[in-house]
Structures are given as structure tokens and as C-alpha cells.
Peer 1: 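Below is one structure. I have some questions about it.
Letters A, B, ... mirror the listed sequences (proteins, then strands); counts begin at 1. Keep in mind that the numbers below use all heavy atoms, side chains included, and drop hydrogens, waters and symmetry copies.
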There are 2 protein chains.
Amino acid sequence: MKIGLDIMGGDYAPKATVLGAIAAHQNLSKDQNLVLFGDKEQITPILAEHNFNPDHFEYVQTTEVIGMGEHPTKAIVQKANSSISVGFQQLKEGKIDSFASAGNTGAMLVGAMFSVKAIPGVLRPAISTIIPKLKGGFKIMLDAGANADCKPEHLVQFSILGSLYAKHVYQIAEPQVGLMNLGEEAEKGSLLTQTTYPLLKENSLINFFGNLEGRDLFNEKADVIVCDGFTGNIMLKLAESFYVLTLKKGIKDEFFDRFNYEQYGGSPILGVNAPVIIGHGISSPEAIKNMILQSKSMIESQVIEKFKTAFSS
Amino acid sequence: MKIGLDIMGGDYAPKATVLGAIAAHQNLSKDQNLVLFGDKEQITPILAEHNFNPDHFEYVQTTEVIGMGEHPTKAIVQKANSSISVGFQQLKEGKIDSFASAGNTGAMLVGAMFSVKAIPGVLRPAISTIIPKLKGGFKIMLDAGANADCKPEHLVQFSILGSLYAKHVYQIAEPQVGLMNLGEEAEKGSLLTQTTYPLLKENSLINFFGNLEGRDLFNEKADVIVCDGFTGNIMLKLAESFYVLTLKKGIKDEFFDRFNYEQYGGSPILGVNAPVIIGHGISSPEAIKNMILQSKSMIESQVIEKFKTAFSS
């Protein structure tokens, strides 16, 4: 198994990414190799400083970096020797089994779509994220921002992707799918959610819970929350701002602790032909480590194969 | 001035509504009269219990009540002698200057649209709500749920309504309007927000701040948050669930205290030809009192006239 990591991506790269890779190494077996994409010259002193044997990793030398503010499509095309571009190239060629980066989110999305591409039958891959449940455990929410405008058939596909991901990667048996909406009743909602409701209800691949409201984000209702990327992005950033607020105010609480994105790694793009994970820009070594372990789980679970089977029928 | 109040609306009516009316009475001058709509027989013992002179209020006897779960349009038509129906009838006839209820939200919306109707030029009245700012003061957010699907011209109108409301009722000078979106950059967003952005920027009635993200709900950015009713409803319920969570966890904090909706009264429907306020179903006497004082402020500010002037040109 070869787990690809962009060592140049993220606000604290390459230091945070290298330290994350070192930390992850302890949790990997001999046949699970980390492949680092970036400028080895910048990495070597960090490894030396931590007395880490550089031979534990594989390296793919790249000379360019896509910045956080760059235009995704332009950058992917123009910076062919960037860590993200080369990473996706190797992912496409099967030289690595997964690719993760805490760099430019848009470039990760575009790179995934251009290289490994959407799984046949999947109309729109989605970014999924983890939401902690109040009483322990968590939910999967998607789309968290890849698709601002969605159609009912997209939300149906997100439901299938989210259910398979919850089941195979997080061992949530028979995950229930909730449709984020402005009321519980079946007839409530926007044109999008009203049209989506019966489609989710009748789909045999989906264990449909019903509608959810904004207040249900963290409670026990449903295991997979489905929404368009506009709504998902706003909810996620609003929830994060609460977590940041509790930190600033010095409020210590077991539940708020579980908000810490560092524990969950990153946000996978579900619906493309390989495991691809986007890390938070501010990823710490702990977050990078968990993103690597999450990559490993996605490979081991063979969730991509489950997706392919579901969408081939 | 005659302030209309539905005494039968809300989960704790008529007790909470009557106690709220009693509390508000202390803050009203002699020419500011409360007109109570409901069953006087149920009210009298509560007033007696609190040694309150019933002559301080005016009464309009109604025999029916629209329940929280009833279908709004059907209920308004079929229950012509309900407190909400009669209240709107009197508001339309100018017998009262404002009408407020903590009852069925849908019936309040339908009642307002059928009776006093939208201000000429206003395409879609919106429900507005108060959001506390972290460093003190607050913002106005609309639409909070009246219109699940919106077009750019609706968001432009919400911006004008929200700005005038913030300025004249809450004395926020030159209120800045922020467009809720999934990124700060002008080109980011859904089709709706992308199309709305230049319209807000070029409109001379609007002091446009730019895009807001979910994490900006409570910070210092902008005074009026504009969004479709689907997004607004989900954000509001998500934010409320955080407040409820801090209460449950016994977290005491000045900022979280300011989340308490009770302090702000209710949510006015902006864009109809009279002040109409919808209270939270769980309204306490304190919330009812503040909804009455909010009605008074709306009447005194002549904000409806400001709306009419803005939309007549």
C-alpha cells in the first residue's frame, strides 16, 4: 500500500506535514508506505532534527507549489510540476493508492476530477465531513462545499456515497440518511428538498430517516446528513466558529473537544476513482497524521470498489 | 396607539401571554394600549390572581384557536373567529396598529399576506431575526424562513427591508449588508449568490459589505445578513441548538446569554403593510413582554412608512 501525501500543502507546511508523516509512521505496518510529494531539500533538515530515518519514506521530488489563493484550474494546468499535480498524476497511474493534501481545496477538487475522474455513474463527487454526535460517535455530512447548486439526483447520489462511506470506513451499521431541511414534515422545504424527499424514500440503497432541521446537526438523528454544498459549507463553518469560540472562552467540555477537526484528519472527496482527502488549511501535525491514517482506512476498506459496484448497477 | 396581541398563541398560552402583557403594561404610557385577542373567560382568573386591573387592557373576544400543527391556509379560512384571523381583520381595518402572536408561524404569514398584504413593490415579505454580535450589539438576519426558494431580486429587497429596519427600529446608523455565501471572494457562490452580488453592490439603497461565510454569523462583519429562507432557517436553528447546548451544560457566559431570544421579542415579517411579529412557540412571559415592546418600537419608528417610501420609487 502506498499512501500519497503532499508535503507542501497547508499553512504550516512543510513542517507540520513532515511531523504528521513522522507521527503516522508509527501506526503503519511494513507494507504501508508513505510517499511524500514535495521538495526533499526542505524536508531533510526537519527529519534530521527529529532523528528520523529518511529511508522510512518514499519521495517524489517536485519543484512547484500551488498557493492557497491560486485559481485552481489555472494552477493545476500551469504548474505541472507542483506537488498536487504530480500527486494526482501518480494516483492516476496507480503508483500510489491514495492522495491527501492540506493545500488549495479547489486545486484538489479540480485535480481529482481531471486525473482519477468521477466514478462512472457518479454525476457530482462531493466533499464529506465528520460531525460529532452529542452522545458519542459521529455523523457524515455531505456535500460540504464542492457543489454549490445541486439537483435532486445529486442529493440521492450523495446519500448513497455517504452511506457506503459511513458503513465501510466508519463501521456504522445500516447508516440512516437525513435530509437537511427547514422543517421535519415531508411536505416542507425548498423545491430541491421537496423533490428529493420521495426519491430518498423510495431508493432501496438508502435507509432514509426523513428530514432534519438545523437543530439536529449534533443530535442522535441520522448518521449521514445530506445537503447541497452551499448549505453544507455554511453549516460547517458556523459549527466550526462555535468550536473556536469555546476555545477562546476557555470552555472545556468533552463534546466541544470532539469538534476538533484534528482528530478526524481531512475531508474526503467521495465519488472519484481513488481515495482523495483534502486537509484543513491550518492542519497541525496531529491533523496530518490522522489524514494519513484516514487514507489508510479508505484503502483498506476498499470503499472505492463499493462505490463502483453501487453505481454500476 | 393600539398594540394587538394574540393571547391564545404559543405553547404556554394563555398564561405566558397574559403575564407578558401585564409585564409590558408597566412600560407603556397612557396612550399606548394593549388589545388582547382571545377568550376573556380564560384570561380573567389569571389577571385576578396577579391583582391586575382588567381595565388596563382592551379585549376582543374570539372563540377559536389555530393550533400549532394546523395547515396555515386552511386554518385561516376555516377558523374565521380565531384570535389570529380576527387580529388580522382588525389590523387590516386599522383598529389596531400592530399584531403579534406566538402561535402558528405559517398562519401568521398567511394571515399577514391575506389581510394587510405586501407593500406595493415588495415581491416577497421576509421573516427577520436578531443575531447577537460577539463584541456587543447585534445584527439583523433575513430571510429566516418565509421563502425557501429565492431569486436575486428577492435578496436585493430583503437587503433594503433589513437596512431600513436596522436603521429605524434599532438605530444602527448606515447598516452594512452582508451576503451569506460559501466564500468571501466576489466570484464565489451558488448561482443565486453569484447573481445577487453585483446587484447588491450597485444598489444605491444598500450599503454593501460583501460576502459573509458561516463563520461570520456572530462577528463584527456587517449589520444585516441576507440569505434565502432555507439557509436562514437552518442557520438560525443551528445557532439556537448551540445556545440550548450551553444551557444544558451549565455554561454561563455573557455572549451566550445574549443568545436568549426572550430578550428580543419575536421575529417581524418585514414587507407587509403593518407591523406583524411572530413569537417563538415556547415564548415565556419575558419574551411576550419584549414582543409587545418591539411592536411599540415598530409603530413609533414609522418603519412601515419608510418601507413604503423606499419601494414606491
Peer 1: For the aromatic rings, using the six-membered ring if either is Trp, is the centroid distance between B/F218 and B/F259 under 6.0 Å?
Peer 2: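 Distance test on ring centres: under 6.0 Å, yes.
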Peer 1: With a 4.5 Å cut-off on heavy-atom pairs, point out which of B/T246, B/L217, B/L134, B/L191 contacts chain A the most.
Peer 2: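 Top count of heavy-atom pairs under 4.5 Å with chain A: B/L191.
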Peer 1: Do you know which of B/V244, B/L236, B/L245 has the most heavy-atom pairs under 4.5 Å to chain A?
Peer 2: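 Option with the top pair count is B/L245.
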Peer 1: Is A/I251 close to chain B through its backbone or its side chain, or both, or neither, when contacts mean heavy atoms under 4.5 Å?
Peer 2: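 Answer is side chain: those atoms of A/I251 sit under 4.5 Å from chain B.
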Peer 1: Once you measure the plane-to-plane angle for B/Y261 and B/H280, does it fall in the parallel (<30°), tilted (30-60°) or perpendicular (>60°) bin?
Peer 2: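 Tilted, since the angle between the ring planes falls between 30° and 60°.
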Peer 1: Is there a donor-acceptor pair under 3.5 Å between the side chain of A/E184 and the backbone N or O of A/N211?
Peer 2: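 The answer is no, because no donor-acceptor pair under 3.5 Å joins these two groups.
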Peer 1: Heavy-atom distances under 4.5 Å only: say whether A/N181 touches chain B with side chain, backbone, both or neither.
Peer 2: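 When you check distances to chain B, atoms from both the backbone and side chain of A/N181 fall under 4.5 Å.
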Peer 1: At a 4.5 Å cut-off on heavy atoms, which part of A/L212 comes close to chain B: side chain, backbone, both, or neither?
Peer 2: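 Contact with chain B involves no heavy atom of A/L212 at all.
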Peer 1: Should A/F242 and A/F256 count as side-chain neighbours, where that means a heavy-atom distance under 4.5 Å?
Peer 2: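 Result no, sub-4.5 Å side-chain heavy-atom pair not found.
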Peer 1: So how far is it from B/F208 CZ to B/Q176 CD, rounded to the nearest 0.5 Å?
Peer 2: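 If I round to the nearest 0.5 Å, the distance is 10.0 Å.
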Peer 1: Among the options B/L182, B/N233, B/N147, pick out the one with the most heavy-atom pairs lying under 4.5 Å from chain A.
Peer 2: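 Top count of heavy-atom pairs under 4.5 Å with chain A: B/L182.
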Peer 1: With respect to chain A, which residue among B/M235, B/K249, B/E185 yields the maximal number of heavy-atom pairs within a distance under 4.5 Å?
Peer 2: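 With the most close heavy-atom pairs to chain A, the winner is B/K249.
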Peer 1: Does a side chain donor of either B/S190 or B/T193 reach within less than 3.5 Å of an acceptor in the other side chain?
Peer 2: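 Distance-only check passes for B/S190 and B/T193.
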Peer 1: Under 4.5 Å between any side-chain heavy atoms of B/Y165 and B/S128, yes or no?
Peer 2: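 With C-beta onward as the side chain, the pair touches.
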Peer 1: With a 4.5 Å cut-off on heavy-atom pairs, point out which of A/T231, A/L192, A/N219 contacts chain B the most.
Peer 2: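 Looking at each of A/T231, A/L192, A/N219 in turn, A/T231 comes out on top.
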Peer 1: Flag the one option from B/K237, B/M180, B/K188, B/E213 with the top tally of heavy-atom pairs under 4.5 Å to chain A.
Peer 2: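 Highest number of heavy-atom pairs under 4.5 Å: B/K237.
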